[in-house]
Amino acid sequence: MVKLGELYNYDIELIVNLIKDKKAKNVLLQIPEGLKTLIYSLVDELKNKLMHVEINVDLTPSYGSCLIDSDVTSSYDLVINLGHEKYPYWSPPHNVHFIDLLYKKSLSIDVINELVSKISGLGRNIALYTTPQHKHDIRKLARVLSSNGFNVVNNLSRTVIFGCWFSDLDKVLNNIDAVLVISGGYFHSIGIGLRIQNSKPIFKLDPYEQKIELINSKVYEVLKVRYSKIMKAFDTRRWLLVIGTNGQYRPNIILKLKNLLKNNNVNYYTFKTALLTEQILKNADTTTIDVIVVTSCPRLPIEDFSRYHKPVLTPGEAIMVLSNKIHDYVFPW
């Protein structure tokens, strides 16, 4: 069995001392999806060091620090959320603490040299972003880029991005020639692409596969799908708003959408859920509903419901339709 510590660095003494300081008798561990099978070794470590502490692992999905169920966490003295950082738009329950999981394998010098070669003709001003698991690679990459004549324009202490939050990207966008994202998969780099309307070259640096990829063509394919959903939503009269909970409850956005719907004489209904899957959505959907807007996580319409048989929109897309402003794509709201 592969152990968590073989792939990721984490501070076991910090965790143990936190449990002791809080005098916690029952502790819940939360870990990102895809890593749950690796957590057994950490549980064994904690049991050996803290024999009288009950250690549970949260099996519910843990896609980010916005998706923390306060009803679950309230049952524990301490909740340790591994591999995420605090969500900027929401304060979690006081007993939730975030602990770094840092991927051990850094970007190789060969990959970095390949990157330098690929971006050399694009310009000199670069923005760097990453996920929490790779944030320790940022300064090394910035140093290499600087030594090759590039200017990293964003704040290196604010490089961690979320699926719907992109740090200081908006502030530096007009001053950059390309964006570099250190992450596995396409989730975060495509989020960047949607946020900036695919207006700059976006490179994904994958530490797991040690590969570099220009992903603008993938963003373009996503945008084509999104605009098809947007166009199908025009002139529809019955909408369903799906509202989230805890960190995914967004009252200001919900109020804005409701006001726009009223101004457009659109009939709407609201359903609330902590978790949204296709089956859950189908349980609420009827033939009389024309459009569904997910106000909880704006990535659900893009990744999970892109093939749904009727338009499932993000808040930004819904605002585009209801405001009749479709020239500039809005993500996330």
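Bear in mind that the values here come from a model prediction, so they are computed numbers and not experimental data.
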Participant: Report the residues that fulfil side-chain hydrogen bond (donor to acceptor under 3.5 Å, both in side chains) with Thr60, sequence neighbours left out, ordered by chain and then residue number.
Facilitator: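 Scan of Thr60 (side-chain hydrogen bond (donor to acceptor under 3.5 Å, both in side chains), adjacent residues dropped) gives Asp58.
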Participant: Working to the nearest 0.5 Å, report the span between CG of Leu115 and CD1 of Ile126.
Facilitator: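 The distance works out to 8.0 Å.
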Participant: Quick check on Tyr220: does its OH atom have over 12 non-hydrogen neighbours (other residues, nucleotides or ligands) under 6.0 Å away?
Facilitator: no
Participant: Between atom CG of Asn9 and atom CG of Leu101, what is the distance when rounded to the nearest 0.5 Å?
Facilitator: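 Nearest 0.5 Å value for the CG-CG distance: 9.5 Å.
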Participant: Have Asn198 and Asn216 got a donor and an acceptor in their side chains that come within less than 3.5 Å?
Facilitator: yes
Participant: Charged N to carboxylate O under 4.0 angstrom, Asp206 versus Lys204?
Facilitator: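 Yes, Asp206 and Lys204 are salt-bridged.
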Participant: Is Glu13 paired with Lys20 through a side-chain N to carboxylate O contact shorter than 4.0 Å?
Facilitator: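 Judged by the 4.0 Å cut-off on N to carboxylate O distance, Lys20 and Glu13 do not form a salt bridge.
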Participant: Does the gap between the ring centers of Tyr10 and Tyr8 come in under 6.0 Å?
Facilitator: no
Participant: Is it true that Glu317 and Arg226 have a side-chain N and a carboxylate O under 4.0 angstrom from each other?
Facilitator: yes
Participant: Is it the case that Lys229 places NZ or CZ above or below the six-membered ring of Tyr308, under 6.0 angstrom from the centre and within 45 degrees of the axis?
Facilitator: no
Participant: Would you check, one step at a time, whether the test side chain to side chain donor-acceptor pair (under 3.5 Å) holds for Asn26 with Glu54?
Facilitator: CA-CA 5 Å; Asn26 60 337; Glu54 179 72 21; over 6 Å; no
Participant: From Ile253 CD1 over to Ile319 CD1, what is the distance, rounded to the nearest 0.5 angstrom?
Facilitator: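 Nearest 0.5 Å value for the CD1-CD1 distance: 7.0 Å.
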Participant: Once the angle between the rings of Tyr208 and Tyr103 is folded into 0 to 90°, is it parallel (under 30°), tilted (30 to 60°) or perpendicular (over 60°)?
Facilitator: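 It falls in the tilted class, 30° to 60°.
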Participant: Can you classify the ring geometry of Tyr89 versus Tyr87 as parallel (below 30°), tilted (30 to 60°) or perpendicular (above 60°)?
Facilitator: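 Plane angle over 60°, so perpendicular.
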Participant: In the single-linkage hydrophobic clustering (I, L, V, M, F, W, Y; side-chain heavy atoms under 4.5 Å), do Met231 and Phe305 co-cluster?
Facilitator: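 No.
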Participant: With clusters defined by side-chain heavy atoms of hydrophobic residues (ILVMFWY) lying less than 4.5 Å apart, directly or transitively, does Ile215 cluster with Leu122?
Facilitator: no
Participant: Quick test of your reading of the model: are Glu278 and Lys282 salt-bridged, counting only N-O distances below 4.0 Å?
Facilitator: yes
Participant: Is it true that Lys104 and Glu6 make a salt bridge, defined as a side-chain N closer than 4.0 Å to a carboxylate O?
Facilitator: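 No, this pair does not count.
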Participant: Return the minimal non-hydrogen interatomic distance between Leu205 and Phe203, and the atom names on each side.
Facilitator: CD1-O, 3.7 Å
Participant: side-chain hydrogen bond (donor to acceptor under 3.5 Å, both in side chains): which pairs involve residues 289-300, sequence neighbours left out?
Facilitator: Arg299-Glu303
Participant: Between Lys256 and Asn259, does the side chain to side chain contact (heavy atoms under 4.5 Å, CB included) criterion hold? Intermediate values first, please.
Facilitator: CA-CA 5 Å; Lys256 181 175 183 177; Asn259 287 336; 5.8 Å; no
